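Below is one structure; the comments refer to it alone.
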There are 2 protein chains.
Amino acid sequence: MVTVNTGGTIMPKFLSASPPYHHGDLRRALIDSALALVTEEQDWTFSLREVARRAGVSHNAPYNHFPEKRDLLDAVAAVGFERLREGLLATIAGIDDMAAALAMSGEAYVLLGIGNPALYRLMFGPALSVSGGGAQPMLARAAGAEARAVLQGIIRRGAGAGTFAVAAEDERAIALATLSAWSAVHGLTMLIIDGVAGPGFAVEEMIERVIGIEVAGLRSFSARIRRPIRAWRRKGDLR
Amino acid sequence: MVTVNTGGTIMPKFLSASPPYHHGDLRRALIDSALALVTEEQDWTFSLREVARRAGVSHNAPYNHFPEKRDLLDAVAAVGFERLREGLLATIAGIDDMAAALAMSGEAYVLLGIGNPALYRLMFGPALSVSGGGAQPMLARAAGAEARAVLQGIIRRGAGAGTFAVAAEDERAIALATLSAWSAVHGLTMLIIDGVAGPGFAVEEMIERVIGIEVAGLRSFSARIRRPIRAWRRKGDLR
DNA sequence: CCGCCGGTGTTGACAGTGACCATATAGTGG
DNA sequence: CCACTATATGGTCACTGTCAACACCGGCGG
């Protein structure tokens with residue numbers, strides 16, 4: 001469990017990555033300020049100096065806690081993933097039918113995402129994450145894995161109960177089914193945020209239909225229907 | 001059909017948005033340079049001055065063709081969508097089974113996307129596109145709609161042939177089914193680009209499974225299986 | 001044929017930025 | 001009590017996006 005902890009209260013020193021000296025807890029103050037800026041301006045092109053200004057410190061103070069601006073954004077993204085995870089967990093609490101849980105959590109996922117578009121965008125790729133040469137967004141990566149685990153848990157339980165056409169003991173199959181569900185909700189969220197989904201459809205309508213098709217696919221998907229793309233291919237390989 | 005036209009040859013003057021005067025065709029040269037920079041650096045934080053340098057003009061020349069840097073990026077994104085559209089069309093040419101066409105085009109979509117991650121990212125949201133206050137990325141938006149139309153055509157034909165469980169005469173249902181397919185491939189592409197899909201899975205494996213589930217969902221989805229999220233909901237609304 | 005004119009490219013300038021350096025300060029361990 | 005080190009500060013640099021004023025040049029009306 002990754003703890004970025006942007007909550008309001010002061011934590012015990014031994015839990016804080018960098019104990020408060022002069023400012024109190026500048027690291028958290030910076031994350032809070034940056035998060036507020038992302039939310040207000042719906043953008044993360046604000047300057048690091050602006051963040052410092054908001055936190056009431058000099059323009060160079062942030063560099064004591066974050067080597068680069070990228071690292072601060074990474075921490076903000078991690079907070080976003082933690083909130084997402086908590087939202088998902090709260091939504092599925094007490095639901096036993098895993099198809100229902102998947103549908104509900106999927107809806108919550110999309111609603112949480114479009115509730116703060118810039119933050120959601122920031123969570124995925126403060127830069128070209130994967131092969132970005134230098135430092136990677138480790139915090140966001142870890143927090144994202146935690147959020148993903150919620151979805152994976154639903155799929156796993158649903159596989160065990162026979163709700164989804166996935167072999168319960170095959171962890172790879174479960175991971176792939178999770179990827180499928182995540183792709184659906186992530187893609188839908190992004191398309192809505194980008195304003196290319198619809199227009200002319202209510203958000204609820206789009207969510208319901210996309211998730212409905214996804215659940216139907218997970219239920220019916222099996223060796224019976226599954227036909228590799230390979231079998232459909234007629235000409236040579238692409239490219 | 002939107003024509004951004006970054007092809008190499010010189011076009012007749014009456015087709016060019018801004019006929020060549022001093023430079024030849026600076027507008028296209030700028031787009032080409034920017035596209036090359038996006039591809040090389042896998043990032044679009046390069047400076048407008050760098051683009052101008054590459055095109056061999058002064059640092060302010062670009063402003064005669066693009067009011068802001070954002071507008072140049074918009075044009076680059078539009079080129080990306082045109083390439084995507086052409087790739088999809090080439091892939092499905094001659095395929096009659098619309099399930100196969102959807103699977104093949106979906107595979108091509110993802111491969112094209114991850115083939116140039118930064119460009120794909122740029123295509124969706126040079127900034128927070130929709131409510132970004134000022135000017136919108138009109139070129140990319142239009143070109144994106146053209147690419148989307150390819151997918152929609154597949155769904156429509158498949159609905160007509162009874163391949164997909166969608167009423168062929170219901171354009172809204174077709175649009176929503178298209179949204180579902182688009183969400184799946186878009187989401188998968190983004191997750192792979194971000195490096196959060198997998199790891200431990202081959203790209204082909206992920207594509208095959210995600211698209212397989214999507215196709216299965218589109219085939220089986222119907223009033224029989226479709227159960228509104230509303231019906232699953234027990235507690236009050238989210239949030 | 002000429003001179004004007006507007007689209008095109010250039011030079012110069014400005015405020016603001018990310019990142020580095022040396023320096024000051026304030027808790028902490030010895 | 002004192003050094004030590006993490007923390008914060010001010011100064012600086014190259015660079016950026018954008019604006020304004022100026023130079024170029026090809027097509028147009030006369």
Side-chain angles (χ1 to χ4, degrees), chain A residues 10-34 37-38 41 43-76 122 126-127 132-135 137, chain B residues 10-34 37-38 41 43-76 122 126-127 132-135 137:
Chain A
I10 298 178
M11 350 171 29
K13 199 192 304 182
F14 65 94
L15 276 182
S16 174
S18 33
Y21 276 80
H22 301 56
H23 174 276
D25 195 346
L26 182 56
R27 182 186 163 89
R28 184 166 325 148
L30 290 171
I31 295 177
D32 287 342
S33 299
L37 277 170
V38 169
E41 306 187 357
D43 195 2
W44 58 89
T45 58
F46 52 79
S47 63
L48 205 47
R49 295 160 112 102
E50 172 74 18
V51 181
R53 249 170 262 141
R54 288 224 177 187
V57 291
S58 79
H59 70 271
N60 252 338
Y63 285 92
N64 287 312
H65 300 272
F66 304 98
E68 298 182 37
K69 181 186 179 186
R70 196 212 269 313
D71 299 307
L72 172 57
L73 294 179
D74 175 31
V76 173
L122 177 60
Chain B
I10 297 178
M11 344 170 34
K13 201 191 301 184
F14 65 93
L15 276 182
S16 174
S18 34
Y21 273 80
H22 301 55
H23 174 277
D25 194 345
L26 182 56
R27 183 186 162 87
R28 184 164 327 146
L30 291 170
I31 295 177
D32 287 342
S33 298
L37 277 169
V38 169
E41 305 188 357
D43 195 2
W44 59 90
T45 59
F46 53 79
S47 63
L48 203 48
R49 294 161 113 103
E50 174 73 17
V51 180
R53 249 170 263 142
R54 288 223 177 188
V57 291
S58 79
H59 71 271
N60 250 338
Y63 284 89
N64 287 315
H65 301 272
F66 303 98
E68 299 181 35
K69 182 186 178 186
R70 198 216 260 321
D71 297 306
L72 172 57
L73 294 179
D74 175 32
V76 173
L122 177 61

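What you see is a predicted model; the values in this text were computed from it and never measured. Numbers restart at 1 for each chain; the letters A, B, ... are given by sequence-line order, proteins then strands.
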**Message:** Ring of B:Tyr63, cation from B:Lys69 - is the NZ or CZ under 6.0 Å from the centre and inside 45° of the axis?
**Reply:** no
**Prompt:** Between D:dA8 and A:Arg27, is there an OP1 or OP2 to side-chain N/O distance shorter than 4.0 Å?
**Reply:** no
**Message:** Without decimals, in angstroms, what is the distance between B:Leu72 CG and D:dT18 P?
**Reply:** 11 Å
**Message:** Between P on D:dC19 and NZ on B:Lys69, what's the gap in Å once rounded to a whole number?
**Reply:** 15 Å
**Prompt:** Taking atom P of C:dC14 as reference, at what distance in whole Å does atom CG of B:Asn60 sit?
**Reply:** 15 Å
**Message:** Base, sugar-phosphate or nothing for B:Ser58? Non-hydrogen atoms, less than 4.0 Å.
**Reply:** base
**Asked** Closest approach of B:Leu30 and B:Ala52, non-hydrogen atoms and distance?
**Response** CD2-CA, 4.4 Å
**Message:** Measure NE2/A:His59 against C1'/C:dT17 and give the value in whole Å, please.
**Reply:** 10 Å
**Prompt:** Any side-chain heavy atom of A:Ile31 sitting closer than 4.5 Å to one from A:Leu72?
**Reply:** yes
**Request:** Could you tell me the separation between the CG atom of B:Leu48 and the CG atom of B:Leu73, rounded to the nearest 0.5 Å?
**Result:** 8.5 Å
**Nearest-neighbour nucleotide for the B:Asn64 side chain, D:dT16, C:dT8, D:dT12 considered** = C:dT8
**Request:** With the side chain of B:Tyr63 defined as its heavy atoms from C-beta on, choose the nearest nucleotide among D:dT16, D:dG11, D:dT18.
**Result:** D:dT18
**Item:** A:Ser58 and A:Asn60: side chain donor to acceptor below 3.5 Å
**Value:** no
**Fill in**
Judged by nearest nucleotide, the residue sitting upstream toward the 5' end of DNA chain D, A:Arg49 or A:Ala61, is A:Ala61
**Asked** Roughly, in whole Å, what's the span from CZ in A:Phe46 to C1' in C:dG16?
**Response** 16 Å
**Asked** Rounded to the nearest Å, what distance is computed from the CG atom of residue B:Leu73 to the C1' atom of nucleotide D:dT16?
**Response** 14 Å
**Prompt:** Within this structure, what is the CG-to-C1' distance between B:Leu26 and C:dT10, rounded to whole angstrom?
**Reply:** 13 Å
**Request:** To the nearest Å, give me how far apart CD (B:Glu50) and P (D:dG17) are.
**Result:** 10 Å
**Asked** Does OP1 or OP2 of C:dG9 have a side-chain N or O of B:His65 closer than 4.0 Å?
**Response** yes
